[in-house]
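This report refers to the structure that appears directly beneath it.
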Amino acid sequence: MNISWRALAPVVVAIVIAVIPAPDGLGQHAWLYFAIFAGVVVGLMLEPLPGAAIGLIGVTVVALLSEWVFFSPAQLAAPGFRPANAAINWALDGFSNSTVWLIFGAFMFALGYERTGLGRRIALLLVRAMGRRTLTLGYAVMVADTVLAPFTPSNTARSGGTIFPVIRNLPPLYDSLPNDPSARRIGSYLMWTAIATTCVTSSMFLTALAPNLLAAEIIRKTAGVDLGWMQWFLAFAPTGIVLLLAVPLLAYFLYPPEVKEGSEVPAWAAQQLREMGPLTRQEMLLGVLVLVALALWIFADDYVNATTAALLVICLMLVTGIVTWDAMLANKQAWNTLAWFATLIALADGLGKTGFVKWFAGMMATHMGGFPPTTAAIVLVIVFFFTHYLFASVTAHATAMLPVMLTVGSTIPGMPMENFALALALTLGIMGILTPYGTGPSPIYFGSGYLPAGDYWRLGTIFGVIFLAVFLLVGIGVPLLLRG
């Protein structure tokens, strides 16, 4: 049996890190856990196996070796502590995460759009109106997300549950198929434009991303700073407007579609719409259910969790016959994504549970001594942004890293804490572009079949650098910190 270098690389990386002595101040178990985590990340980048399989292997290895790689000696010595039970509870905890199930719900919404034909109808309408040029389709996706963003505190619900089910119907109209060389005809461009746009809108509005609200509360408790909706919007607006206008164009040049324009496609779309006839009962019913989900996501977030709203609509889709249970069971993409993201959330959470994140923050604080406050703030913002490579959830990142960074900042004489806290919080949305697991909708677009792993990681880094550079230079990053 031939073992490829792609399969060996993650194992080699994990072993090399593991044999290096643990840094001062970090427990040996936490260092060994980080070695396994690093191996998993390399595996996700190279994909010798599907991402979900790599995540499953990762949590299983940690669970098997938990006495050495997960729990500290003090935890193991606690009376009645059973590491095997605690380890499996941790490994499976990701499957109870609400964001994971919201992502799953987005795939089921897409299934409803496909089976009723509503997604195809909407796609044909878009093509008829704006399909003469691929670039204008990109801007249509951007506008749709921006309009929904202020009222939808879940970018998974907004982009994964509303935008994605519609635009996934567009590429086949141009003979651009998933998991096929034809994906680059137009599908890859549209999918990347959609995920990049939602990352920008997630930073632009306080209410466009649930972790934004969490960050505002953490900042209030940790730094004593209250951030308002308008303050947040005005602070990010210069960056947001520039990036929203630039994203479709950047994607057009950095990830160019093969189909640029064509008058025959809008004409064909018009003919297809005539053949489809008027809206069917199932299409109208699905449209009503989608509006119900949107209404709950936008107006009832304080009373109904976004995931609960998605599950409610899925149940109604089953009851009304829009989709069948067998069709849901056959949706391998949805179940694969659920397993993939659930295991990644558990692995990322383990960095905090083992104490690795706390040690990393302490190390950063030590190295920040003697820096001028503005320089230190910029460095900390950059570190905060790029450490998102270690997290499979913006919520987990905000919870684990934001209090640490605020604490480090408060130890630096002259640090403008209000401006510094705002600069940190405003990066939560745009950092989601970095990885295929960086924010809620990421695995949905990654799993679409139009964004190969290599392309996603490469574009994520390029767009991440662009997003952060624009934020620091055009937005509030450097200008506001200097004013502070």
Given the rule in the ring pair (Phe, Tyr, Trp, His ring centres under 6.0 Å) test, do Trp340 and Phe446 qualify, once you have shown the distances and angles that lead to the verdict?
CA-CA 11 Å; Trp340 181 63; Phe446 179 63; 5.5 Å; yes
Check the pair Ser202, Leu428 against side chain to side chain contact (heavy atoms under 4.5 Å, CB included), reporting the backbone distance first and the verdict last.
CA-CA 8 Å; Ser202 294; Leu428 287 173; over 6 Å; no
Please determine whether side chain to side chain contact (heavy atoms under 4.5 Å, CB included) holds for the pair Leu56 and Thr60, giving the CA-CA distance in whole Å, both sets of side-chain angles, and the decisive distance to 0.1 Å.
CA-CA 6 Å; Leu56 181 62; Thr60 302; 4.1 Å; yes
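In this structure, the side chain of Asn97 does not engage the main chain of Asp93 through any donor-acceptor pair within 3.5 Å. Not a single donor-acceptor pair under 3.5 Å links the side chain of His388 to the backbone N or O of Val394. Checking side-chain atoms of Arg220 against main-chain N and O of Leu227 turns up no donor-acceptor pair under 3.5 Å. The backbone N or O of Val200 sits nowhere less than 3.5 Å from a side-chain atom of Ser203 that would complete a donor-acceptor pair. Proximity of a side-chain donor or acceptor of Thr193 to a complementary backbone N or O of Gly138 within less than 3.5 Å is not detected. For the pair Ser159 (side chain) and Asn155 (backbone), a donor-acceptor distance under 3.5 Å is absent. In this structure, the side chain of Trp101 engages the main chain of Phe95 through a donor-acceptor pair within 3.5 Å. Listed for the Arg168 side chain is no donor-acceptor partner under 3.5 Å among the backbone atoms of Ser448. Although no hydrogens or angles enter the test, the distance criterion places a donor-acceptor pair under 3.5 Å between the side chain of Ser176 and the main chain of Gly187. Remark: side-chain polar atoms of Asn331 are not paired, donor with acceptor, to backbone N or O of Met108 under 3.5 angstrom.
By the 4.5 Å heavy-atom criterion applied to side chains, Val290 and Val313 are not counted as neighbours. Residues Leu209 and Asn212 are in side-chain contact: their nearest non-hydrogen atoms beyond the backbone lie under 4.5 Å apart. Between Tyr189 and Leu135 the shortest side-chain heavy-atom distance falls below 4.5 Å. Residues Phe463 and Leu254 have side chains in contact (heavy-atom distance under 4.5 Å, counting atoms from C-beta outward). Within the 4.5 Å cutoff, no side-chain heavy atoms of Ile219 are placed close to those of Asp226. Inter-residue side-chain proximity for Leu434 and Thr461 is flagged as unmet; no heavy-atom pair is nearer than 4.5 Å. By the 4.5 Å heavy-atom criterion applied to side chains, Phe385 and Leu380 are not counted as neighbours. Residues His29 and Val69 are not in side-chain contact: their nearest non-hydrogen atoms beyond the backbone lie 4.5 Å or more apart.
Each of Trp31, Phe37, Trp90 was evaluated against Phe70; a single residue qualifies, Trp90, per the ring-ring contact (aromatic ring centres under 6.0 Å, His included) test.
When all heavy atoms of Gly161 and Phe109 are compared, the closest pair comes out as O-CD2, 3.4 Å. Across all non-hydrogen atoms, the minimal contact from Val242 to Pro238 is CG2-O, 3.2 Å. Here the shortest heavy-atom pairing between Gly43 and Ile54 reads O-CD1, 3.1 Å.
The OG1 atom of Thr435 sits 7.0 Å away from atom OH of Tyr456, with the distance rounded to the nearest 0.5 Å. Taken to the nearest 0.5 Å, the CG atom of Leu390 stands 12.0 Å off from the CG atom of Leu347. Between the CD1 atom in Ile412 and the OG1 atom in Thr374 there is a gap of 10.5 Å [rounded to 0.5 Å]. Between atom CH2 of residue Trp192 and atom CG of residue Leu459 there is a gap of 5.0 Å, rounded to the nearest 0.5 Å. The CG atom of Leu137 sits 5.5 Å away from atom CD1 of Ile186, with the distance rounded to the nearest 0.5 Å. A distance of 4.5 Å separates NE2 in His397 from CE in Met431, rounded to the nearest 0.5 Å.
Identified under the side-chain hydrogen bond (donor to acceptor under 3.5 Å, both in side chains) test for residues 135-146, with sequence neighbours left out: Asp145-Arg158, Asp145-Thr198, Asp145-Thr201. Pairs of residues two or more places apart, or lying in two chains, that qualify as side-chain hydrogen bond (donor to acceptor under 3.5 Å, both in side chains) and include a residue from residues 248-257 are Tyr255-Asp455.
In this structure, Tyr445 and Phe164 have perpendicular ring planes: the angle between them is above 60°, well past the 30° mark. Ring geometry for Phe386 against Tyr389 counts as parallel: the plane angle stays under 30°, on a 0 to 90° scale with 60° as the upper cut.
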